[in-house]
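First up is the structure itself, then whatever we jot down about it.
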Amino acid sequence: MHQQIGQLALLVDDYDEAIAFYTQKLSFELLEDTPLSESKRWVVVAPEGGSGCCLLLAKATTAEQKSRVGNQTGGRVFLFLYTDDLMRDYVAMQAVGISFVRKPTTEPYGLVAVFQDLYGNLWDFIQTNKK
């Protein structure tokens, strides 16, 4: 059996605002933006050239969903973005206004920093030691 996680739903306040953040600030690709109704779209983004999991940007519509935007995991790191050159990308991300809450540090598994997305979700940004 071969299985993999294809995408994760990430609650957002606004589709276009989220698309702009992920494509312009994190350089993700917009893989799909399909209207499903007047107010609902199927929006999928992923890191450029990536072959792993994608993000489904899901607009929060209920009060409960809206209360979770930016804090889907109770303040813990929620998503993990891997890179082949953390320092190069760290400098580039800072230049476009990405907010880092933890500067790069060396851990047994590699170099890691923590940043916030536009809604405050925490991401580990990692360059692993794996060759």
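For clarity, every value in this text was computed on a predicted model and none was experimentally measured.
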Side chain proximity check, T105 to L111, heavy atoms < 4.5 angstrom
no

Decide, yes or no, whether a salt bridge links E17 with K25 under the criterion of side-chain N to carboxylate O below 4.0 Å.
no

Would you mind checking if D33 and R41 are paired as a salt bridge, meaning a charged N to carboxylate O distance below 4.0 Å?
yes

When you compare the side chains of T34 and E32, does any donor N or O come within less than 3.5 Å of an acceptor on the partner?
yes

Nearest heavy-atom contact between V69 and A60 is CG2-CB, 3.6 Å

For a 4.5 angstrom cut-off between non-hydrogen side-chain atoms, does L30 reach F28?
no

Any side-chain heavy-atom pair from F78 and L122 closer than 4.5 angstrom?
no

Is W42 reachable from V12 through a run of I, L, V, M, F, W or Y residues, each pair having side-chain heavy atoms under 4.5 Å apart?
no

Tell me the closest heavy-atom pair linking A18 and L57, and the distance in Å.
CB-CD1, 3.8 Å

Is there side-chain contact between C53 and L8, with heavy atoms separated by less than 4.5 Å?
yes

Report yes if some heavy atom in the side chain of F80 is under 4.5 Å from a heavy atom in the side chain of F125; otherwise report no.
no

Mark yes or no for whether Q116, through its side chain, and W123, through its backbone, hold a donor-acceptor pair below 3.5 Å.
no

Of all the heavy-atom pairs spanning A46 and C54, show the shortest one and how long it is.
CB-SG, 3.9 Å

Decide yes or no on side-chain contact (heavy atoms from CB on, under 4.5 Å) for Y22 and E29, but give the supporting numbers first.
CA-CA 8 Å; Y22 285 99; E29 293 179 82; over 6 Å; no

More than 12 foreign heavy atoms under 6.0 Å from CD of E48: is that the case here?
yes

Non-hydrogen side-chain atoms of L26 and F21 separated by less than 4.5 Å:
yes

Correct closest heavy-atom pair for Q127 and M87 would be OE1-N, 4.5 Å

With rounding to the nearest 0.5 angstrom, report the CG to CD distance, D13 to Q65.
11.5 Å

If I compare all heavy atoms of Y15 with all of S39, which pair ends up nearest, and what's the gap?
CE1-O, 3.7 Å

Between D124 (side chain) and I126 (backbone), is there a donor-acceptor pair under 3.5 Å?
no

Say whether D85 and Y90, considering side chains only, have a donor N or O and an acceptor N or O under 3.5 Å apart.
no

Passing option when N121 is tested against V77, T73, L79, L10 for side-chain contact (heavy atoms from CB on, under 4.5 Å)
L10

If hydrophobic clusters are built from ILVMFWY residues whose side chains come within less than 4.5 Å, do L118 and L81 share one?
yes

Report yes or no: do Q72 and Y119 form a side-chain donor-acceptor pair below 3.5 Å?
no

With the side chain counted from C-beta on, respond yes when V112 and R102 share a heavy-atom pair under 4.5 Å apart, and no when they do not.
yes

Can I5 be reached from L56 by stepping across I, L, V, M, F, W or Y side chains whose heavy atoms are under 4.5 Å apart?
no

Would you call V43 and I19 a side-chain contact if the rule is heavy atoms closer than 4.5 Å?
yes

